[in-house]
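Throughout, protein chains are lettered first and strands after them, A, B, ... in sequence-line order, and every chain is numbered starting at 1. FYI, side chains are in, hydrogens and waters are out, and symmetry mates aren't considered; it's all heavy atoms of this structure. Model, not experiment: these values are computed from the prediction.
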There are 2 protein chains.
Amino acid sequence: MFFSIGDLARRTGVKVPTIRYYEARGLLDAPLRSAGNQRRYGQAELERLRFIRHARDLGFSLGAISSLIELQEHPDRGCETATRIAQDQLEAVRQKIGRLRALEAELERITAGCTGTGVSRECYVLASLADHELCDHDHAPMDG
Amino acid sequence: MFFSIGDLARRTGVKVPTIRYYEARGLLDAPLRSAGNQRRYGQAELERLRFIRHARDLGFSLGAISSLIELQEHPDRGCETATRIAQDQLEAVRQKIGRLRALEAELERITAGCTGTGVSRECYVLASLADHELCDHDHAPMDG
DNA sequence: TGTAATCTCTCTAGCGACTATAGCTTCAAG
DNA sequence: CTTGAAGCTATAGTCGCTAGAGAGATTACA
């Protein structure tokens, strides 16, 4: 019926310290404790943690996940917020993909220009980094 | 001839505290100082910082950039390391793109299944997150 | 030369989402 | 009843910055 934090970790693939971290962040409610002060979980916490894990895997922030959980706790509320969070996430993912594809193209070009057999002075990788003129595009900074 | 940290920031697009951070991290050498202890930069530092900025824009870590700079400082060394760093980065970018595309597909599916007009209880977004069975794929965690 | 506005200095703390460590206590198996 | 794994709290570290405090330096203009 009740299981330990280690069992919960095994069942969800979320590491033990991460589970405690989620509790501290308020994503998981504080669970029951054993006589010796160890956490004891049940089915509800298991499902909650799977929800969190799934959302994390999809790249949602813990803040966004908090909002989603809050909504889940109030089944009578409208779901515009949930939909918007998911759409925002989709948009963010698409933007990341776009930027990464630009980086990919530039890195391909740079690495293709260098056999790796020469001397640093003549290295096309280093030259490309030193001189932005050798670039085709402006590439914007990424957040990851 | 010599210019301030603010000038350097304007010329490179790198923020002032970031420049100081790079210096603390050893990516930039400690520059000359004015009589009043303010940093004074010249052409060499400008080029170095542009190199760093360009590499950051391409997603290289500061550690990788350190290695690239070290290589740049020793023009007689072979450039295999530089080439490998760039190839590793390319590979990392490609893997990120792959994972993001899986997330994109899943988020598209989830958001398409929900009009956002219903009630939280019936929300397809929330249902999808709660029940991994509603997923087509296993999606792996991302680092960003 | 005075003064005001802007810039720069160092230092510390915070972000997000964990991860690692230390030093201790509890639990489960044999 | 002992041993070893697993759990507890609390703190600090990761990465690449960013923000703020409170002080001092420089510059523009009168």
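Taking 4.0 angstrom as the limit, B:Tyr21 places none of its side-chain polar atoms (N or O) nearer than this to OP1 or OP2 of D:dC15. Put simply, A:Ser34 has no side-chain N or O that comes within less than 4.0 Å of OP1 or OP2 on D:dG7. A:Arg56 has a side-chain polar atom (N or O) that falls below the 4.0 Å cut-off from OP1 or OP2 of C:dC18. OP1 or OP2 of C:dT8 has at least one side-chain nitrogen or oxygen of B:Ser4 nearer than 4.0 Å. Between B:Tyr22 and the phosphate of D:dG16, there is no side-chain N or O to OP1/OP2 separation shorter than 4.0 Å.
Of the candidates D:dT9, D:dT26, D:dC17, the closest approach to any side-chain atom of B:Thr18 belongs to D:dC17. Candidate nucleotides C:dT8, D:dC8, D:dG16 were compared by shortest atom distance to the side chain of A:Arg39, and D:dC8 ranks first. Picking from D:dA25, D:dG16, C:dC18 the nucleotide with the shortest atom distance to the side chain of B:Gln38 gives D:dA25.
Side-chain contact annotation: B:Gln87 with B:Glu91, donor-acceptor N/O pair under 3.5 Å absent. No side-chain donor-acceptor contact under 3.5 Å links B:Tyr22 and B:Arg48.
Atom OH of B:Tyr41 is separated from atom P of C:dC7 by 16 Å (rounded to the nearest Å). Atom C1' of nucleotide D:dT9 and atom CD1 of A:Ile19 are separated by 16 Å, given to the nearest angstrom. To the nearest angstrom, P of D:dA6 lies 10 Å from CG of A:Asp7. Following rounding to the nearest Å, A:Arg20 (CZ) and D:dT11 (P) show an atom-to-atom distance of 15 Å. Separating the CZ atom of A:Arg10 from the C1' atom of D:dG7 is a distance of 12 Å, rounded to the nearest angstrom. Rounded to an integer number of Å, the gap from A:Arg33 CZ to D:dC8 P is 6 Å. One interatomic measurement links the two molecules: CZ of A:Phe3 to P of D:dA6, which rounds to 17 Å at whole-angstrom precision. One interatomic measurement links the two molecules: CG of A:Asn37 to C1' of C:dC24, which rounds to 13 Å at whole-angstrom precision.
Between the side chain of A:His74 and the backbone N or O of B:Arg121, no donor-acceptor pair lies under 3.5 Å.
In this structure, B:Gly63 and B:Ala35 both approach DNA chain D, and ranking their closest nucleotides by distance from the 5' end singles out B:Gly63. Projected onto DNA chain C by closest heavy-atom contact, B:Gly6 and A:Leu62 fall at different nucleotides, the more 5' of which corresponds to B:Gly6.
Both tests do not hold together for A:Arg40 against A:Phe3: distance to the six-membered ring centre under 6.0 Å, angle to the ring axis within 45°.
Residues B:Glu23 and B:Pro31 are in side-chain contact: their nearest non-hydrogen atoms beyond the backbone lie under 4.5 Å apart.
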